[in-house]
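Scope of the values below: all heavy atoms of this structure, side chains included, with no hydrogens, waters or symmetry mates.
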Amino acid sequence: MIPIPLVVVVLGGWCAIYLADTLLTSSKAYKSSYEEWLSTHGISIAPFHIRWQTTLFNRLFYKWGRWKPYFLYIWFNLGMVFGILAMFGSMILLGKTLIQTLHQMMADTPGSQSDRILQVVVPGVNLPISQLTYFFSAILISGVIHEVGHGVAAVRETVRFNGFGMFIFVVYPGAFVDLFTTHLQLVSPVQQLRIFCAGVWHNFILGLLGILILFPLPAILYPFYYTGVGALVTEVLEVSPASGPRGLFVQDIVTQIQDCPVKSVDDWHKCLNDISLKPQTGFCISTGTLQQLHFPSRVYRRLDGSVECCSNNSLSDICFSYSGNGYSQQYACLPARKALLSSPDCQSNADCEKSSNSVCAIPSIENQTRLIRIKHPPQLEMLFIGYPAHLQYGVSLSSFIPRYKFLSVDLPVVIETFCKYVISLSGALAVINAVPCFALDGQWILNSFLEATLTSLIVEKENRELLGFFILLAGSVLLTANVALGLWMVTAR
């Protein structure tokens, strides 16, 4: 569900803006001066929409559009080819995403939403509030670069450029360029294609630049940060089970989770995901330790079917199940930290053959929860009991470890996170705008493509427009279905 406070803030903010605008436009004393101020600054206000347009950057666009004509000719021709391929590819991608969504809706146990290539993003629901700065900055930059592509291509094709602007719709920022429509209609279909495809082409290039920064980032930051030795803890939420005197602390370096080595943040998430999918790991405990630490207690079953044998209400004692030689399943209540001291991991007694007189004792805890041993030297191992996902959400880490104390642990995380958002959102903007859908770039790309390629095959313009209409209708339905079902999966399920 969408958080109610977020809805209240957004609706309250827009109501205040619209109410102020209505009062000023209906006031006899302030109406003329207010409307003149809006007109002078190029601002227009509508429900859930604020728009600003200016001519301040016109000279800059004309300068860019006339820079190295031959290079720009090659550049926008490449963009035209990419835009046409993206138009067809976006339909395939949306079709695949829709099939994945329908499969997840009909499945008894839906898979992770991260399995889908395209996802609906709702701030406060599947986008953490702490990530909003990255999200809105990346989407604004992607939108500006997209429109710069259109503007520069239009100037190069001698289409008059009227102005550049930005807007906010509900909570999403964006940009636009104002082109002289008559000029745009007079140029050839191929010239139109160069202009209409320039936006998605520039989004693709922006995403590619993000990749070129993200992947060699360890090498770029090598003089200041080193990687490959563990995951550096940058934040532990106070409400997280990992917080506490024997938990994780900022600047701890996690090197291992159970028997899974951790050399980066990706390893951390991979290890926890594997642990959540596999049965609980056991630990090789000597029979002498079992006899020494175990104390008798009543064995009973919990409601979920798991067995409990510790009835002393101690937070440090855990029930373990094991099978001795020739014996059936047995249970022992043991102090966890003492029992697991220097105990290797195991899945069965066969894994403990190297340790003489040892058995594989498996924690008997509630289903879906896990006992996890985390190494972060030189501190003692952290023992965690709970859901592995709580560790992922409650602990923030970085793969970059500062070489010098004065360096910030957050800087590489900021760069890495921002690059990921730029890659994701710029790529998504390219895909969505390339879809042959009403009111998107794909509509104009499709129309120009049909005019450039089918004039000799379909002589009548009305027939070409009819074909284009049906393709646009199919693309619009496909995109709407993806957005509607994706939104339902995120907010209602």
**OP:** Report the residues that fulfil salt bridge (charged side-chain N to carboxylate O under 4.0 Å, His left out) with Asp345, sequence neighbours left out, ordered by chain and then residue number.
**Re:**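 With sequence neighbours excluded, Asp345 shows a salt bridge (charged side-chain N to carboxylate O under 4.0 Å, His left out) to Arg373, given in chain and number order.
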Original post:
Can you name the salt bridge (charged side-chain N to carboxylate O under 4.0 Å, His left out) partners of Arg337, sequence neighbours left out?
Top reply: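 Arg337 satisfies salt bridge (charged side-chain N to carboxylate O under 4.0 Å, His left out) with no other residue.
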What is the minimum heavy-atom distance between [X] and [Y], and which atoms define it?
| X | Y | value |
| --- | --- | --- |
| Pro388 | Arg370 | CG-CG, 4.0 Å |
| Val435 | Gly475 | CG1-O, 3.9 Å |
| Cys310 | Tyr300 | O-OH, 4.4 Å |
| Gly149 | Phe76 | O-CE2, 3.9 Å |
| Ser323 | Val359 | O-CG1, 4.2 Å |
| Leu72 | Trp67 | CD1-O, 3.0 Å |

Are [X] and [Y] side-chain neighbours, meaning at least one heavy-atom pair lies under 4.5 Å?
| X | Y | answer |
| --- | --- | --- |
| Leu98 | Leu94 | no |
| Val148 | Trp64 | yes |
| Met91 | Leu478 | yes |
| Tyr393 | Leu237 | no |
| Leu334 | Ile285 | yes |
| Phe418 | Ile141 | yes |
| Leu340 | Leu371 | yes |
| Trp52 | Ile50 | no |

**OP:** Determine, step by step, whether Gln251 and Val409 satisfy the side chain to side chain contact (heavy atoms under 4.5 Å, CB included) criterion, reporting the C-alpha distance in whole Å, the side-chain angles of both residues, the deciding distance to 0.1 Å, and the verdict.
**Re:** CA-CA 8 Å; Gln251 297 202 355; Val409 297; 3.8 Å; yes
Original post:
Do Ser286 and Thr289 get their side chains close enough for a donor-acceptor pair, meaning under 3.5 Å?
Top reply: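 Present: a donor and an acceptor within the cut-off.
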Mark yes or no for whether [X], through its side chain, and [Y], through its backbone, hold a donor-acceptor pair below 3.5 Å.
| X | Y | result |
| --- | --- | --- |
| Ser343 | Ala339 | yes |
| Asp252 | Leu248 | no |
| Asn482 | Leu479 | no |
| Thr287 | Asn357 | yes |
| Ser240 | Val395 | no |
| Gln256 | Gln258 | yes |
| Asn349 | Cys360 | yes |
| His49 | Ile168 | no |
| Ser90 | Ala86 | yes |

Original post:
Quick one: are the Cys346 and Cys284 sulfurs under 2.5 Å apart?
Top reply: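 No.
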Rounded to the nearest 0.5 Å, what separation is found between the [atom1] atom of [X] and the [atom2] atom of [Y]?
| X | Y | atom1 | atom2 | answer |
| --- | --- | --- | --- | --- |
| Trp268 | Ile257 | CH2 | CD1 | 4.5 Å |
| Ser264 | Leu232 | OG | CG | 12.5 Å |
| Arg302 | Cys319 | CZ | SG | 7.0 Å |
| Arg301 | Cys309 | CZ | SG | 12.0 Å |
| Gln329 | Ile362 | CD | CD1 | 7.5 Å |
| Leu217 | Tyr225 | CG | OH | 10.0 Å |

Do other residues, nucleotides or ligands put more than 12 heavy atoms under 6.0 Å from the [atom1] atom of [X]?
| X | atom1 | answer |
| --- | --- | --- |
| Tyr70 | OH | no |
| Phe169 | CZ | no |
| Gln379 | CD | yes |

**OP:** Assess whether side chain to side chain contact (heavy atoms under 4.5 Å, CB included) is satisfied between Phe48 and Val171, documenting all intermediate values.
**Re:** CA-CA 8 Å; Phe48 301 105; Val171 294; over 6 Å; no
Subject >> Pairs satisfying side-chain hydrogen bond (donor to acceptor under 3.5 Å, both in side chains), at least one member in residues 402-424, at least two apart >> reply: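 As it turns out, the side-chain hydrogen bond (donor to acceptor under 3.5 Å, both in side chains) pairs with a partner in residues 402-424, which skip direct neighbours, are Gln131-Tyr421.
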For residues 198-211, which side-chain donor-acceptor pairs fall under 3.5 Å, sequence neighbours excluded?
from   : atom 1 : to     : atom 2 : distance (Å)
Trp201 : NE1    : Trp75  : O      : 3.4
His202 : NE2    : Trp75  : NE1    : 3.1
Asn203 : OD1    : His146 : ND1    : 2.7
Asn203 : ND2    : Ser142 : O      : 3.0
Asn203 : ND2    : Ser426 : OG     : 3.2

Subject >> Summary of salt bridge (Lys or Arg N to Asp or Glu O under 4.0 Å) pairs that have at least one residue in residues 274-283, sequence neighbours excluded >> reply: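 Found Lys270-Asp274.
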Original post:
Stepwise, does the side chain to side chain contact (heavy atoms under 4.5 Å, CB included) test hold for Asn433 with Ile445?
Top reply: CA-CA 10 Å; Asn433 269 286; Ile445 294 173; over 6 Å; no
**OP:** Tell me, with the steps shown, if Thr281 and Gln347 meet side chain to side chain contact (heavy atoms under 4.5 Å, CB included).
**Re:** CA-CA 6 Å; Thr281 298; Gln347 295 296 336; 3.6 Å; yes
Original post:
Which residues satisfy the ring-ring contact (aromatic ring centres under 6.0 Å, His included) test with Phe224, sequence neighbours excluded?
Top reply: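 With sequence neighbours excluded, Phe224 shows a ring-ring contact (aromatic ring centres under 6.0 Å, His included) to no residue whatsoever.
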